[in-house]
Amino acid sequence: MGVKDNILSRRDFLKFSGGFLASSSILDLDRDLGFLVPSAEAAQPKEEETKLYGECGVCSMGCAYIAYVRNGRIVRLEGNPKDQIAEGKLCVKGNASLNILYDPDRLKYPMKRTNPQKGIGVDPKWVKITWDEAIGMVATKFKDVIAKDGPQAIVIFARPKPHLKHFAKSIGTPNLLTHHSACDVTHDIVWESMVTGEGKGRPFTGDYENSRYILSFGWDGPGKSKNKWGRAVNNALEKGAKLVVFDPRLSITASKAHEWIPIKPGTDLAVLLAMIRTIIIENLFDHEFISNYTTGFNELKERVQQYTPEWAEKISDVPAGTIVRIAREFATTKPAVVASHKRDAGGPLYRNSFRTAQCFIIMNTLVGSIDRPGGRILDRKPKLPKEGDFIKYPEYPKAVKERIDGMEKYPLTKKANF
């Protein structure tokens, strides 16, 4: 095992873990209990099975699957080989979704508490009620709150879907808080302001598979079981790409990297500014791309002169020589890309995250990796009708404008959230 002085090296641990995963691949998850046990169902002849086709909704990748049904029950899922996104593969989250479907504690209908007493060990005495009863109870509660304290006393926190906007407007409350507030609002604002334009947000597509140099500041796409990105990074590495990760923790992505640099938390912006300065003053940027597709380069060049690698080293604990070397590698190994998604260093409303997200775009722009193979690809979507185009909404009540979170003071943030 390579154990020395009772210490298991990281390399030996990964070998051991890989061996366990290889041996466990012949097992299957028990769909009710969630334990890793040999599946009797999976061993039965496949001739008895029928197929259903669908799209996984566990995350936003939208991987297509084939569900195999035996005796009215889904016994396993497989990726659809015709799917351009998943290419016939599902991630662990997608495969484990059957545990949710057949969880014995899954709620399948409304339940009403009949015991007003609450506390640990106190039986709530739930009883099953109809959907009409449940909807009526909630509507009555809403009306009581509105009558007593006004519609602004109701707060809705949910994904930013059109029907929820309609619901909030129907009540008259301005307090619709969305998933974006704790997710990707910073990236959306920056992309809209610098690249895509109002209402278009950030692109979801990164052509990481064709990148030759992938630079991450806290991005952990493979570790979050984002199927497409995990396989894309692995494929890029197999083709010889270099992966460099700045992250205080040893993430899954960092564990795959050629270099993991445990940067001081919250100082990514300093390193990025120093890299931008290095690429510009050493004349390593893509002149044709900058000339044809950007504005403000001279102003940027002037602004970053003060951000030397030595200055960044004092803030980030990353050696100045390392900053310069990686900046040079990034600019001279094409195509190169700074990967990003949600909760990286440019993510949701951290300190300096807005400027950090800007630097992600600047770095990709300097090397010509915006809407180019191996870089960040702009979305191309057909124009689809909105709900209001084919549903006639009733007249909304007059809404209170002042929100509980003060978001009306930050119009760009509010737009990106909805």
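Predicted model only: the values in this text are computed from it and were never measured. One-based numbering along the sequence shown.
Here the closest heavy-atom approach between residue Lys342 and residue Cys183 is recorded as CD-SG, 3.0 Å. Here the closest non-hydrogen pair linking Ile279 and Ala331 is CG1-CB, 4.0 Å. The minimum heavy-atom distance linking Pro203 with Asp379 is given by the pair CA-OD2, 3.4 Å. A pairwise comparison of heavy atoms in Pro397 and Lys169 identifies CD-O, 3.4 Å as the closest pair. The minimum heavy-atom distance between Lys256 and Leu237, with the atom names listed, is O-CD1, 3.9 Å. When all heavy atoms of Pro110 and Ala134 are compared, the closest pair comes out as CB-CB, 3.7 Å.
Crowding of Leu384 atom CG: a count of heavy atoms from other residues, nucleotides or ligands under 6.0 Å exceeding 12. The neighbour count for Glu402 CD, taken as heavy atoms of other residues, nucleotides or ligands under 6.0 Å away, does not exceed 12. Within 6.0 Å of OH on Tyr393 lie more than 12 heavy atoms contributed by other residues, nucleotides or ligands. Heavy-atom contacts from other residues, nucleotides or ligands closer than 6.0 Å to NZ of Lys239 number more than 12. For Leu164, the CG atom is densely surrounded, since the number of other residues' heavy atoms within 6.0 Å is greater than 12.
The backbone N or O of Ala336 sits less than 3.5 Å from a side-chain atom of Ser369, completing a donor-acceptor pair. Not one N or O on the side chain of Ser353 forms a donor-acceptor pair closer than 3.5 Å with the backbone of Gly346. Within the 3.5 Å criterion, the main-chain N or O of Pro335 finds no donor-acceptor partner in the side chain of Ser211. In terms of modelled atom types and a separation under 3.5 Å, the side chain of Asp207 and the main chain of Pro373 share no donor-acceptor contact. Glu302 places no side-chain N or O within donor-acceptor distance of the main-chain N or O of Asn298, the cut-off being under 3.5 Å. Without hydrogens or angle criteria, Asn364 side chain to Ile370 main chain gives no donor-acceptor distance under 3.5 Å. For Glu49 (side chain) and Val69 (main-chain N/O), no donor-acceptor pair under 3.5 Å exists by modelled atom type. Without hydrogens or angle criteria, Trp260 side chain to Asp247 main chain gives a donor-acceptor distance under 3.5 Å. Side chain of His187 to backbone of Ala357: no donor-acceptor contact under 3.5 angstrom is found. Of the possible donor and acceptor atoms, one in the side chain of Asp188 sits under 3.5 Å from a partner among the backbone N and O of Arg202.
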**Request:** Show your working on side-chain contact (heavy atoms from CB on, under 4.5 Å) between Arg376 and Ser340 and close with a plain yes or no.
**Result:** CA-CA 9 Å; Arg376 297 301 303 276; Ser340 64; 2.8 Å; yes

**Ile154 and Asn175: CA distance, side-chain angles, deciding distance, side-chain contact (heavy atoms from CB on, under 4.5 Å) verdict** = CA-CA 7 Å; Ile154 297 175; Asn175 298 314; over 6 Å; no

**Asked** Can you list the steps and then say if Ile66 with Tyr53 is a side-chain contact (heavy atoms from CB on, under 4.5 Å)?
**Response** CA-CA 5 Å; Ile66 302 174; Tyr53 296 84; 3.7 Å; yes

**Item:** Stepwise side-chain contact (heavy atoms from CB on, under 4.5 Å) check, Ile281 with Gln305
**Value:** CA-CA 8 Å; Ile281 67 171; Gln305 292 302 314; 3.7 Å; yes

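Residues passing the ring pair (Phe, Tyr, Trp, His ring centres under 6.0 Å) test with Trp126: none are found, sequence neighbours excluded.
Residues Pro151 and Lys398 are not in side-chain contact: their nearest non-hydrogen atoms beyond the backbone lie 4.5 Å or more apart. A 4.5 Å side-chain heavy-atom check between Ile326 and Tyr213 finds at least one atom pair inside the cut-off. You'll find the side chain of Thr173 stays beyond 4.5 Å of the side chain of Val400, heavy atoms only. Looking at heavy atoms from C-beta onward, Ser216 lies out of side-chain contact with Asp344 at the 4.5 angstrom threshold. Side-chain atoms of Glu299 and Thr295, non-hydrogen and from C-beta on, never get closer than 4.5 Å to each other. The shortest side-chain heavy-atom distance between His341 and Trp229 falls under the 4.5 Å cut-off. At least one side-chain heavy atom of Glu78 sits less than 4.5 Å from a side-chain heavy atom of Tyr68. Side-chain contact between Cys59 and Lys226 is present, with heavy atoms from C-beta onward closer than 4.5 Å.
Residues Lys93 and Asn227 have side chains that never bring a donor and an acceptor to within less than 3.5 angstrom of each other.
Ion pairing between Glu329 and Arg325 holds under the 4.0 Å rule for side-chain N and carboxylate O. A salt bridge does not link Lys228 with Asp83: none of the charged nitrogens is closer than 4.0 Å to a carboxylate oxygen. Look at Arg231 and Glu209 and you find no salt bridge, because none of the NZ, NE, NH1 or NH2 atoms lies under 4.0 Å from a carboxylate O.
Residue pairs satisfying the salt bridge (Lys or Arg N to Asp or Glu O under 4.0 Å) criterion with at least one member in residues 264-292, sequence neighbours excluded, are listed as follows: Glu282-Arg328, Asp286-Lys334.
The distance from the CD1 atom of Ile214 to the OG1 atom of Thr333 is 12.0 Å, given to the nearest 0.5 Å. Atoms CZ and CE, from Phe217 and Met363 in turn, are 6.0 Å apart once rounded to the nearest 0.5 Å. To the nearest 0.5 Å, atom CD1 of residue Ile74 and atom OH of residue Tyr65 are 6.0 Å apart. Taken to the nearest 0.5 Å, the CG atom of Leu366 stands 6.5 Å off from the CG atom of Leu300. Considering CD1 of Ile315 and OG1 of Thr267, their distance stands at 8.0 Å, rounded to 0.5 Å. Note that OG of Ser251 and NZ of Lys224 are 8.0 Å apart. Values are rounded to the nearest 0.5 Å.
Between Phe360 and Trp219, a ring centre-to-centre spacing not shorter than 6.0 Å is recorded.
A cation-pi geometry, defined here as NZ or CZ lying under 6.0 Å from the six-membered ring centre and within 45° of its normal, holds between Arg372 and Tyr293.
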